[in-house]
Amino acid sequence: MSRVLIVGAGLTGSLCASLLRRELPNKVNIVVWDKSRGAGGRMSTSRSPNDPSCTVDLGAQYISATPYYARIHSSFYEELLAQDILKLLVAPVEGMMLKEEEIVNYVTPHGVSSIIKHYLRESGAEVLYDRHVTHIHRKDTGWEVCRKGGMPERFDIVVLTMPVPQILQLQGDVESLMGENQRRMLEAVSYSSRYALGLFYKADTRIDVPWAAKYVSNNPCIRFIAIDDKKRNLASKKCGPSVVVHTSVPFGIQHLEEEKDVVQPIILEELEKVMPDLPQPDSIKCQKWRYSQVTRSVADCPGQMILHSQPLLVCGGDGFTHSNFDGCIESALKVFED
């Protein structure tokens, strides 16, 4: 059996693992490594430290399907809807830009990371966290992969799905295997950066606003706010509400290299201006998204890039397509074709 390593337990990585298992059920041993402490990547769901049933989505907020992608990726949408992992977004979102084509928006009742967990379960992969890959070396007919604070391991195939700048930081043979043109294409990829705050509240806390989520246009710091349980249509008396706040991209760039504990009070101060009646939270989680959304992807959006064909070393992710749910599906399908 071929031993396949997928680096990154986000949407592209988990989908690649699931597609591999479905198409080659008895031919591959799938291993997924992620440098974080849990699955999801930018589709992450955080729990209140005081009440695990109170959760907040700090990354992706909802999934928008254009008619084109709803058609060509219908099997993915149907599967997630059938299992109640996706539901239609029915709660009011203030300031949402309306496009000319008919876009359908979905939410995840159990948090956006439930999509990733579903695909990882389907894949039957061995999923390991706190695995930060540093070097990849060509060894005989396979790859030797090194990580921080652990022993190197051997794999027959390696799939890299982390953000493109992290691929460029890899050492070992990756640099010499990468063609000059490939390196230039990868170096041209850019991402926006932002901060997200998750605010968790005790049960019976009331947040009286007429919307479930809101785009903010007149604040230098805050771009988006969601009452997360209300957005997911989940409000419950047993569990306190949760609020997510996303900063604007200019604010994210301005404060990118600062510590989170310096930035958090600034965001809270601005939040008070936007929502002066918001109660004091029970706890707060601050997340820095250095690689939030792809602003410029690899030229011509190929979906993947092969750095070496035999043995296979291939890159994928939204940096090779576009930064949303369908972009990651597209990339995973292209990686799998190889």
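Values below: all heavy atoms of this structure, side chains included; hydrogens, waters and symmetry mates excluded.
In terms of heavy atoms, Gly316 sits closest to Val335 at CA-CG2, 3.9 Å. For the pair Tyr195 and Cys286, the tightest heavy-atom approach, listed with the atom from each and the gap, is CD2-SG, 4.0 Å. Taking both residues in full, the closest heavy atoms of Ala39 and Ile116 are given as CB-CG2, 3.7 Å, listed atom of the first, atom of the second, then distance. Nearest heavy-atom pair, Cys315 versus Ile167, reported as atom, atom and distance to 0.1 Å: CB-CD1, 3.9 Å. Listed here is the closest heavy atom pair of Pro49 and Ser283: CD-OG, 3.3 Å. In plain terms, the two heavy atoms of Ile30 and Ala17 that are nearest each other are CD1-O, 3.5 Å.
Transitive grouping of hydrophobic side chains (ILVMFWY, heavy atoms separated by less than 4.5 Å) brings Leu333 and Leu80 into a common cluster. Note on Phe336: it does not cluster hydrophobically with Leu307, by side-chain heavy-atom contacts below 4.5 Å among ILVMFWY residues. Leu89 and Met43 are not part of a single hydrophobic cluster, where members link through side-chain heavy atoms under 4.5 Å apart. If you chain together hydrophobic residues whose side chains sit under 4.5 Å apart, Val158 and Leu19 never meet in one group. Cluster membership check: Leu81 does not share its hydrophobic cluster with Val107, using side-chain heavy-atom separations under 4.5 Å among Ile, Leu, Val, Met, Phe, Trp and Tyr.
Looking only at distances, no side-chain donor or acceptor of Ser193 sits under 3.5 Å from a matching main-chain atom of Ile253. A donor-acceptor contact shorter than 3.5 Å links the side chain of Tyr191 to the backbone of Val164. A donor-acceptor contact shorter than 3.5 Å links the side chain of Arg154 to the backbone of Lys139. Judged by distance alone, the side chain of Arg138 and the main-chain N or O of Asp173 form no donor-acceptor pair under 3.5 Å. Listed for the Trp143 side chain is a donor-acceptor partner under 3.5 Å among the backbone atoms of Leu312. Lys230 contributes no side-chain N or O that, together with a main-chain N or O of Pro241, makes up a donor-acceptor pair within less than 3.5 Å. Using a distance-only test at 3.5 Å, with no hydrogens or angles considered, no donor-acceptor pair links the side chain of Arg3 to the main chain of Val28. Looking at Arg223, its side chain never comes within 3.5 Å of a backbone N or O of Ser248 through a donor-acceptor pair. Checking side-chain atoms of Thr45 against main-chain N and O of Val112 turns up a donor-acceptor pair under 3.5 Å. Looking at Ser323, its side chain does come within 3.5 Å of a backbone N or O of Val294 through a donor-acceptor pair.
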Salt bridge (charged side-chain N to carboxylate O under 4.0 Å, His left out) between Lys87 and Asp84, worked out: CA-CA 6 Å; Lys87 283 198 183 296; Asp84 288 332; 3.2 Å; yes
Worked verdict on Ser190 versus Thr295 for side-chain hydrogen bond (donor to acceptor under 3.5 Å, both in side chains): CA-CA 6 Å; Ser190 60; Thr295 52; 2.7 Å; yes
Residues Asp326, Tyr77; criterion side chain to side chain contact (heavy atoms under 4.5 Å, CB included); working and verdict: CA-CA 10 Å; Asp326 288 292; Tyr77 283 103; 2.7 Å; yes
Side chain to side chain contact (heavy atoms under 4.5 Å, CB included) between Val216 and Asn218, worked out: CA-CA 6 Å; Val216 178; Asn218 56 354; 3.7 Å; yes
From CA spacing to verdict: salt bridge (charged side-chain N to carboxylate O under 4.0 Å, His left out), Glu258, Lys288: CA-CA 10 Å; Glu258 292 171 31; Lys288 181 193 289 190; over 6 Å; no
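Note on Glu257 versus Arg290: salt bridge recorded, some NZ/NE/NH1/NH2 to OD/OE distance being below 4.0 Å. Using a cut-off of 4.0 Å between Lys/Arg side-chain N and Asp/Glu carboxylate O, Arg21 and Glu122 are scored as not salt-bridged. The existence of a salt bridge linking Glu187 and Arg183 is confirmed by a sub-4.0 Å separation between a basic side-chain nitrogen and an acidic carboxylate oxygen. With respect to the salt-bridge test (charged N to carboxylate O, under 4.0 angstrom), the residues Arg42 and Asp318 qualify.
No side-chain N or O of Ser331 forms a donor-acceptor pair with one of Thr321 less than 3.5 Å apart. Between the side chains of Thr12 and Thr161, no donor-acceptor pair of N or O atoms lies under 3.5 Å. Side-chain contact, Ser48 with Asn50: no donor N or O sits under 3.5 Å from an acceptor N or O. Side chain to side chain, His118 and Glu79 meet the donor-acceptor criterion of an N or O pair below 3.5 Å. A donor atom on one side chain and an acceptor atom on the other are found under 3.5 Å apart for Lys285 and Ser46.
Counting only heavy atoms from C-beta outward, the side chains of Val32 and Ser14 never approach each other to under 4.5 Å. Arg147 has its side chain out of reach of His135: every pair of non-hydrogen atoms, C-beta onward, lies at least 4.5 Å apart. Contact check for Phe76 versus Tyr69: no side-chain heavy atoms found under the 4.5 Å cut-off. Using a 4.5 Å heavy-atom cutoff, the side chains of Trp33 and Ile6 are not in contact. In this structure, His73 and Phe325 have side chains that are not in contact, with every pair of non-hydrogen atoms separated by 4.5 Å or more. A heavy-atom distance below 4.5 Å is found between the side chains of Leu177 and His308. Side-chain atoms of Asp57 and Thr108, non-hydrogen and from C-beta on, do get closer than 4.5 Å to each other. When side chains are defined from C-beta on, Ile225 does not count as touching Val244, because their heavy atoms never get closer than 4.5 Å.
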Identify every side-chain donor-acceptor pair in residues 266-281 under 3.5 Å, counting partners at least two apart or on other chains, and give the distances.
{"residue": "Glu270", "atom": "OE1", "partner": "Asn219", "partner atom": "ND2", "Å": "3.0"}
{"residue": "Glu270", "atom": "OE2", "partner": "Lys273", "partner atom": "NZ", "Å": "3.1"}

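Rounded to the nearest 0.5 Å, atoms CZ (Arg37) and OG (Ser44) are 11.5 Å apart. The SG atom of Cys301 sits 7.5 Å away from the NE2 atom of His322 when rounded to the nearest 0.5 Å. Remark: Ile63 CD1 to Asn105 CG distance equals 10.0 Å, nearest 0.5 Å. Atom OG1 of residue Thr247 and atom NE2 of residue His255 lie 8.5 Å apart, to the nearest 0.5 angstrom. Atom CG of Asp229 is separated from atom OG of Ser242 by 5.0 Å, given to the nearest 0.5 angstrom. Note that the CZ atom of Phe155 and the CG atom of Leu5 stand 4.5 Å from one another [nearest 0.5 Å].
Note: His246 and Trp289 fail the aromatic proximity criterion, with ring centroids not under 6.0 Å apart.
Paired with Ile227 under the rule side chain to side chain contact (heavy atoms under 4.5 Å, CB included), one option of Ile207, Leu199, Val56 passes, and it is Ile207. None of Val314, Leu160, Leu186 except one satisfies the side chain to side chain contact (heavy atoms under 4.5 Å, CB included) rule with Met305; the exception is Leu186.
Classified by interplanar angle (parallel below 30°, tilted 30° to 60°, perpendicular above 60°), the ring pair Tyr62/Phe224 is tilted.
Annotation for Lys260: atom NZ counts as buried by contact number, over 12 foreign heavy atoms lying within 6.0 Å.
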